[in-house]
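When reading the values below, keep in mind they use all heavy atoms of this one structure, side chains included, and skip hydrogens, waters and symmetry mates. Count residues from 1 along the sequence.
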Amino acid sequence: MRLVIARCSVDYAGRLTAHLPSAPRLILVKADGSVSIHADDRAYKPLNWMSPPCTLKEGSGDEANIWTVVNKAGEKLIITMEEVLHDSSHELGTDPGLIKDGVEAHLQELLADRIETLGEGYTLIRREYMTAIGPVDILCRDASGATVAVEIKRRGEIDGVEQLTRYLELLNRDPHLAPVRGVFAAQEIKPQAKVLATDRGMDCVVLDYNALRGIEDDKLRLF
């Protein structure tokens, strides 16, 4: 991983355009090729980013201060360095990954095996669909062929909705997947989380653990 702290401006050119004016920022360049730009707030959410596969080209000569990141869709992230305050690289090695709660992990496995319980015609793309910011629990398609991202929790709270929101923002930048809608699934969903999820266009699904295991009625309650 390469960490660069620099005063820079950032321009994004793709399906839309966006500009970040000059300010000190942290730039992360990861081994998977992803590049993300962070401010000293917003928790871990970047101001802008480019997901892999993408290429980073550092300028030369009169344009030595310009970094250009291009993805497979031809979208560009142009970073203009004004002053580099820190530049270091670190080998992090292979990460063991997040160890999910046992019930959450089993819910994910059961729902993936019985994906049609989300609705008639649903098909599984894969479990643990990897993105630059972590794995989506389940990626699937509905009966119309539209992509659906499913985030699974034992207890559904606002932070889980925020997590799914970040995944959707990223997935919807991939033209091969977009448009992607979200399903927030949990054994229990807090009222505030349900309101936020609904406001963001997500479906909320209450999972019955025993029903998924085939012990009781195997219907899910959709809200």
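Following chains of ILVMFWY side-chain contacts shorter than 4.5 Å, one cannot reach Met81 starting from Leu3, and the two form parts of different hydrophobic clusters. A continuous path of hydrophobic side-chain contacts links Ile152 to Leu124 [ILVMFWY only; heavy atoms under 4.5 Å]. Note on Phe184 and Ile133: same hydrophobic cluster, where clusters join Ile, Leu, Val, Met, Phe, Trp and Tyr whose side-chain heavy atoms are under 4.5 Å apart, directly or indirectly. Clustering ILVMFWY residues whenever any of their side-chain heavy atoms sit less than 4.5 angstrom apart, transitively, puts Val29 in the very cluster that holds Val4. Under a hydrophobic-cluster definition in which Ile, Leu, Val, Met, Phe, Trp and Tyr are linked whenever side-chain heavy atoms come within less than 4.5 Å, directly or via other members, Leu28 and Leu20 are assigned to different clusters.
Both tests hold for Arg173 against Tyr12: distance to the six-membered ring centre under 6.0 Å, angle to the ring axis within 45°.
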Can Ser88 and His90 be said to form a side-chain hydrogen bond (donor to acceptor under 3.5 Å, both in side chains), step by step? CA-CA 7 Å; Ser88 64; His90 307 270; 2.9 Å; yes
Take Arg200 and Glu162, measure what salt bridge (Lys or Arg N to Asp or Glu O under 4.0 Å) needs, and give me the verdict at the end. CA-CA 10 Å; Arg200 294 184 178 178; Glu162 294 288 2; 2.9 Å; yes
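Counting heavy-atom neighbours within 6.0 Å of Glu116 CD, excluding the residue itself, gives a total above 12. The 12-atom threshold is not exceeded at CG of Asp40, counting heavy atoms of other residues, nucleotides or ligands nearer than 6.0 Å. No more than 12 heavy atoms of other residues, nucleotides or ligands lie within 6.0 Å of CG in Asp62, so this atom counts as exposed by the packing criterion. Few gaps surround CZ on Arg2; more than 12 heavy atoms of other groups in view lie less than 6.0 Å from it.
Minimum interatomic distance between Ser22 and Arg7 (heavy atoms only, all atoms of both residues): OG-CG, 3.5 Å. When all heavy atoms of Cys8 and Ile27 are compared, the pair lying nearest together is SG-CD1, 4.3 Å. The two atoms that bring Cys54 and Gly33 nearest to each other are SG-O, 3.0 Å, heavy atoms only. Between Leu170 and Ala132, the shortest heavy-atom distance links the atoms CD2-N, 3.8 Å. Between Gly14 and Glu75 the shortest heavy-atom distance is CA-CG, 3.8 Å. Taking each heavy atom of Asn71 and Ser51 in turn, the nearest pair found is CB-O, 4.4 Å.
In this structure the side chain of Thr17 never reaches within 4.5 angstrom of the side chain of Asp11, judged on heavy atoms. Counting heavy atoms from C-beta on, the side chains of Trp67 and Lys57 never come closer than 4.5 Å. Contact annotation: the side chain of Ser9 never approaches that of Pro21 to less than 4.5 Å [non-hydrogen atoms, C-beta and beyond]. Considering only heavy atoms from C-beta on, Lys153 stays 4.5 Å or farther from Ile189 through its side chain. The side-chain heavy atoms of Asn172 and Pro179, taken from C-beta on, include a pair separated by under 4.5 Å. Between Leu168 and Met202 the shortest side-chain heavy-atom distance falls below 4.5 Å. In this structure, Tyr167 and Pro135 have side chains that are in contact, with non-hydrogen atoms separated by less than 4.5 Å. Side-chain contact between Val205 and Thr117: absent, with no pair of heavy atoms (C-beta onward) separated by less than 4.5 Å.
Between Glu128 and Arg126 there is no salt bridge, since no side-chain nitrogen of the basic residue lies less than 4.0 Å from a carboxylate oxygen of the acidic one. Salt-bridge check for Asp142 with Arg181: passed, with a basic side-chain N closer than 4.0 Å to an acidic carboxylate O. Salt bridge status for Lys45 with Glu169: present, with a side-chain N to carboxylate O gap under 4.0 Å. For Arg154 and Glu104, the salt-bridge test fails: no basic side-chain N is under 4.0 Å from an acidic carboxylate O.
With 3.5 Å as the limit, one finds no donor-acceptor pair spanning the side chains of Arg155 and Gln187. Side-chain atoms of Thr147 and Arg141 form a donor-acceptor pair, as typed in the model, at a separation below 3.5 Å.
In this structure, CG in Leu111 is found 9.5 Å from CG in Asp137, a value given to the nearest 0.5 Å.
A donor-acceptor pair under 3.5 Å is formed between the side chain of Thr165 and the backbone N or O of Val161. No side-chain donor-acceptor contact under 3.5 Å links Asp203 to the backbone of Val183.
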